[in-house]
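Here the structure is a predicted model, which means the values were calculated and not measured.
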Amino acid sequence: MKSIQTRNQTYRNIAARIPAKRKRIYEIITSYTAGITAQQISDRYNIPINQITGRITELKDMCFIKEAHMSFNNVTSNYCTSYKAVTDNEEFIEITNKKYVQLVDKRSSLITDHFNNNSNHTNDFIKKELLKIERKIKQLGETQKLAS
């Protein structure tokens, strides 16, 4: 039991280092164990939706939150994704490892396409995507170092 408490405390210490804007959204999501949508956060906390969706994307990229389920929004008549906080260090490591593999596979595919002599437009797009992937891989690595 002590090891589980230590592991989870380590994870909470990592989450405490999230930049302020992200941290506010993360703390809100953490308080809803069943999950909450971006629209619900906006409605309940009077935060403009455009200040929430970007933070959610960043938190997902950092593997601090995950998709929980789909909820029907009666106002827009659309389904919305509900998000939950990742609160366990083992789950966090599992998710970051999975994301890392996906990014490396995507990078490899783009490099292969690049060397197959696509058009200049496609090559420019591939270069930009490769830079984005490299930043995300670096960010994941930095986030995982915090967990060690």
Side-chain angles (χ1 to χ4, degrees), residues 3-114 121-148:
S3 64
I4 292 171
Q5 290 172 335
T6 303
R7 178 194 67 209
N8 291 341
Q9 182 59 45
T10 300
Y11 183 78
R12 283 190 290 278
N13 290 341
I14 295 166
R17 298 180 194 158
I18 299 171
K21 288 181 181 180
R22 290 181 203 151
K23 187 174 183 176
R24 180 173 183 210
I25 301 303
Y26 176 75
E27 288 172 347
I28 291 169
I29 293 170
T30 300
S31 65
Y32 290 87
T33 56
I36 188 167
T37 67
Q39 188 63 54
Q40 289 169 331
I41 294 171
S42 179
D43 294 343
R44 292 175 188 174
Y45 294 90
N46 199 29
I47 303 170
I49 193 76
N50 65 333
Q51 291 180 18
I52 298 166
T53 55
R55 302 307 73 76
I56 285 176
T57 300
E58 294 163 354
L59 289 165
K60 276 179 46 183
D61 285 347
M62 295 174 73
C63 303
F64 283 115
I65 63 171
K66 63 182 179 180
E67 294 179 2
H69 59 275
M70 299 297 283
S71 301
F72 188 74
N73 182 329
N74 292 322
V75 175
T76 64
S77 297
N78 291 316
Y79 283 92
C80 302
T81 304
S82 181
Y83 299 94
K84 291 173 72 168
V86 176
T87 56
D88 179 274
N89 197 45
E90 285 181 26
E91 182 181 27
F92 171 74
I93 296 297
E94 181 182 325
I95 293 170
T96 57
N97 287 341
K98 186 184 221 181
K99 188 169 194 81
Y100 179 81
V101 168
Q102 290 171 342
L103 288 169
V104 169
D105 288 348
K106 185 175 179 181
R107 178 180 64 187
S108 296
S109 295
L110 286 171
I111 289 170
T112 300
D113 289 349
H114 177 65
H121 176 72
T122 302
N123 285 333
D124 289 343
F125 172 78
I126 290 171
K127 287 176 187 175
K128 288 178 186 176
E129 284 300 305
L130 284 170
L131 288 173
K132 286 181 194 176
I133 291 168
E134 291 298 335
R135 281 193 302 270
K136 287 181 179 184
I137 288 172
K138 182 180 177 185
Q139 182 182 40
L140 269 179
E142 291 169 359
T143 304
Q144 279 188 327
K145 283 179 190 174
L146 294 174
S148 328

Ser77 side chain near Phe72 side chain, heavy-atom distance below 4.5 Å: yes
Using a 3.5 Å distance criterion without hydrogens, assess whether the side chain of Gln40 forms a donor-acceptor pair with backbone atoms of Thr37. yes
Hey, are Arg24 and Glu27 close enough for a salt bridge, meaning a charged N less than 4.0 Å from a carboxylate O? no
Using 0.5 Å steps for rounding, measure from the NZ atom of Lys136 to the CD1 atom of Ile133. 8.0 Å
Any side-chain to backbone donor/acceptor pair from Ser42 onto Ile47? Under 3.5 Å, distance only. yes
Thr33 side chain near Lys84 side chain, heavy-atom distance below 4.5 Å: no
To the nearest 0.5 Å, atom CE of Met70 lies from atom OG of Ser82 at 9.5 Å
Rounded at 0.5 Å granularity, tell me how far CD in Glu129 sits from CD1 in Ile126. 9.5 Å
Flag yes if more than 12 heavy atoms outside Glu91 fall under 6.0 Å of its CD atom; otherwise flag no. yes
Within the supplied structure, the quantity of interest is the number of heavy atoms (other residues, nucleotides, ligands) at a distance under 6.0 Å from Tyr32 OH; does it exceed 12? yes
CG of Leu130 to NZ of Lys106, rounded to nearest 0.5 Å, is 9.5 Å
Taking the side chain as C-beta and beyond, is there a heavy-atom pair between Asn97 and Val101 under 4.5 Å? no
Kindly indicate whether the side chain of Ile28, heavy atoms from C-beta on, has any atom under 4.5 Å from the side chain of Arg44. no
A quick test of your reading: do over 12 heavy atoms of other residues, nucleotides or ligands sit less than 6.0 Å from OH of Tyr79? no
Side-chain polar contacts of residues 56-65 - donor-acceptor pairs under 3.5 angstrom, sequence neighbours left out - could you list them?
| residue | atom | partner | partner atom | Å |
| --- | --- | --- | --- | --- |
| Thr57 | OG1 | Thr53 | O | 3.1 |
| Glu58 | OE1 | Arg22 | NE | 2.8 |
| Glu58 | OE1 | Arg55 | NE | 2.9 |
| Glu58 | OE2 | Arg55 | NH2 | 3.1 |
| Lys60 | NZ | Glu67 | OE2 | 3.1 |

Residue pair Leu103 / Arg107, side-chain heavy-atom distance below 4.5 Å: no
Take atom CG in Asn46; do more than 12 heavy atoms of anything else shown fall under 6.0 Å from it? no
Can Phe92 and Asn89 be said to form a side-chain contact (heavy atoms from CB on, under 4.5 Å), step by step? CA-CA 5 Å; Phe92 171 74; Asn89 197 45; 4.0 Å; yes
State the NZ-CD distance between Lys138 and Glu142, to the nearest 0.5 angstrom. 5.5 Å
